[in-house]
2 protein chains.
Amino acid sequence: MKNATAKRLGHGAALNREDLARLDRFLHPVRRVPAGTDLIQRGETVSCVRLMISGLSARYKLLPDGRRSIMALLLPGDFCDLHVGVLGHMDHSVMTLAESEVVETSQSDIDGMMGAFPNIARGMRWIDMVDQSITREWLVSMGRRRADRQMAHFFCEIYHRMDMIDEVGSNSFALPMTQEELADTLGITPVHALRVLQSLRQSGMVQFQDGRISIPKLDSLETFAEFEGDYLHLGRS
Amino acid sequence: MKNATAKRLGHGAALNREDLARLDRFLHPVRRVPAGTDLIQRGETVSCVRLMISGLSARYKLLPDGRRSIMALLLPGDFCDLHVGVLGHMDHSVMTLAESEVVETSQSDIDGMMGAFPNIARGMRWIDMVDQSITREWLVSMGRRRADRQMAHFFCEIYHRMDMIDEVGSNSFALPMTQEELADTLGITPVHALRVLQSLRQSGMVQFQDGRISIPKLDSLETFAEFEGDYLHLGRS
DNA sequence: CGTTGGTTTGAGGAAACTCAAAACCGGTGG
DNA sequence: CCACCGGTTTTGAGTTTCCTCAAACCAACG
């Protein structure tokens, strides 16, 4: 049973036995973090690199008037701050949306591992690139898709990202976030988020309750959302 | 007179004489590309790394119905596809919005230079990180700012990015893009873009005509946009 | 002088927002 | 056991922002 990080890296590069062994040593110690706590805060100077092991976190910013924007969801295997060392300070914050486990390590540790294990290095760069690609796709969604399509598209994406790390079972998976947090990631208001959610429910494409989401017919949802998954770079290509 | 690339890199790392010399050798040959041509197309497998020397380009995607979303503006000193080698294929396209000059080189060339010149490597990573940071800020703008603030914010950003490479003179600079392209980067319709533009004009904060923009009172515009420039990482910090 | 790409104007409609309040629900303490 | 609490979800009604459609305008160009 491989861990989420190995699974994730494995999508970007083939890992051999030594790679996996090195990775296992790397993934300690694990720090357990309760829901709703900031892993990193805006303005902070970054001293270490953090890796999500389990749970769910989000990159976010607060506007002067208190509204929030969630710019990324961090799933197991995602890095909070790979490479931000070259920037002086954080320009955004990262908080846990649910109880999570993270590994904290130093930039030099990462660099060392990347230098000695090219497969791992390649995998990490792949994760990084895919995360950038996802951010760009969110921009497309935000700018050019109406809220219903956007939400559907979002769910499709999370489905695939969860599937990548074997977190999907019988077409459903845990997505422990509130409607308000969902609204903040889609750039809409909570009330509107609910209404869109209701319409998706009614059409039978999505169930989203109690931090768990169920997508009975993924292809219907993908068609509705005009979802083109190439940006997740999962293909055999 | 340093070139834009050197200026840009210089913001992320201190470059010495050898670095600058290496960079100069690197910046040849330059390919001249007319406006409106794709530098890279979605689906393509990436074979080389491209660097913007002059002009203006944009990352974009087309939706099934033909609408367009512009996810990033590439200014002189930006890389089109640094590191995308690890991904099989491009998930978006890049086109010139104005006549541009680019340098095309190989991934191995870049890697070689980054290995031998740590300052340059650091500078390139810095550029990369800032570009990611910008993408995230666009997400905030798209999701949580109304079109007028969003456009103002956008102009403030470009002002600073242009200033970074000394392209701003007497509060104005060239921004050779159409209203339609502007609309596609803000995620609004061209008509609405015009109306917002008119209101900004009337308030005397922005002039935007014939591919040139003038911002008489930058601080007024920044106040209006609630612009917080830390995400550009220009500070002395 | 007609064509073309970009800008501008007008009017009606739809998507998403604001404000306000009610319902719900798992805990917690009397 | 029940009243109360905060956080979350839900509903309703009126408003604003932005979109759609359609047409006029204009300068550049062959």
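Atoms considered below: every heavy atom in the structure, side chains included; atoms not considered: hydrogens, waters and symmetry mates. Proteins come first, then strands; the chains are lettered A, B, ... in the order of their sequence lines, and each starts at number 1.
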Look at all strands and tell whether [X] reaches a base, only sugar-phosphate, or nothing, counting heavy atoms closer than 4.0 Å.
{"X": "A/R201", "result": "sugar-phosphate"}
{"X": "B/R146", "result": "sugar-phosphate"}
{"X": "B/L194", "result": "base"}

Do A/D91 and A/R42 pass the salt bridge (charged side-chain N to carboxylate O under 4.0 Å, His left out) test, and can you show the C-alpha distance, the side-chain angles, and the key distance before you say yes or no? CA-CA 5 Å; A/D91 51 65; A/R42 181 170 178 186; over 6 Å; no
Which residue lies more 5' along DNA chain D, comparing A/R195 with B/H192 via nearest heavy atoms: A/R195
Contact nearer the 5' end of DNA chain D, comparing A/V191 with B/A193: A/V191
What is the distance, to the nearest angstrom, from the [atom1] atom on [X] to the [atom2] atom on [N]?
{"X": "A/L186", "N": "C/dC17", "atom1": "CG", "atom2": "P", "value": "10 Å"}
{"X": "A/M177", "N": "D/dT8", "atom1": "CE", "atom2": "P", "value": "12 Å"}
{"X": "B/L97", "N": "C/dG6", "atom1": "CG", "atom2": "P", "value": "11 Å"}
{"X": "B/I188", "N": "C/dT7", "atom1": "CD1", "atom2": "C1'", "value": "15 Å"}
{"X": "B/Q202", "N": "C/dT8", "atom1": "CD", "atom2": "P", "value": "12 Å"}
{"X": "B/L200", "N": "C/dT7", "atom1": "CG", "atom2": "C1'", "value": "16 Å"}
{"X": "B/M142", "N": "C/dA15", "atom1": "CE", "atom2": "P", "value": "19 Å"}
{"X": "B/L182", "N": "C/dG5", "atom1": "CG", "atom2": "P", "value": "20 Å"}

Does A/M52 reach the side chain of A/L75, with side-chain heavy atoms less than 4.5 Å apart? no
Can you tell me which nucleotide in C/dC17, C/dC19, D/dC19 comes closest to the side chain of A/T189? C/dC17
Please state whether the phosphate of C/dT8, meaning OP1 or OP2, lies under 4.0 angstrom from any side-chain nitrogen or oxygen of B/Q179. yes
Measure from the ring center of A/H233 to the ring center of A/H11 and say whether it is less than 6.0 Å. no
Compute the ring centroids of A/H160 and A/F227, then answer whether they are less than 6.0 Å apart. yes
Neighbour count above 12 (heavy atom, 6.0 Å) for B/Q202 CD: no
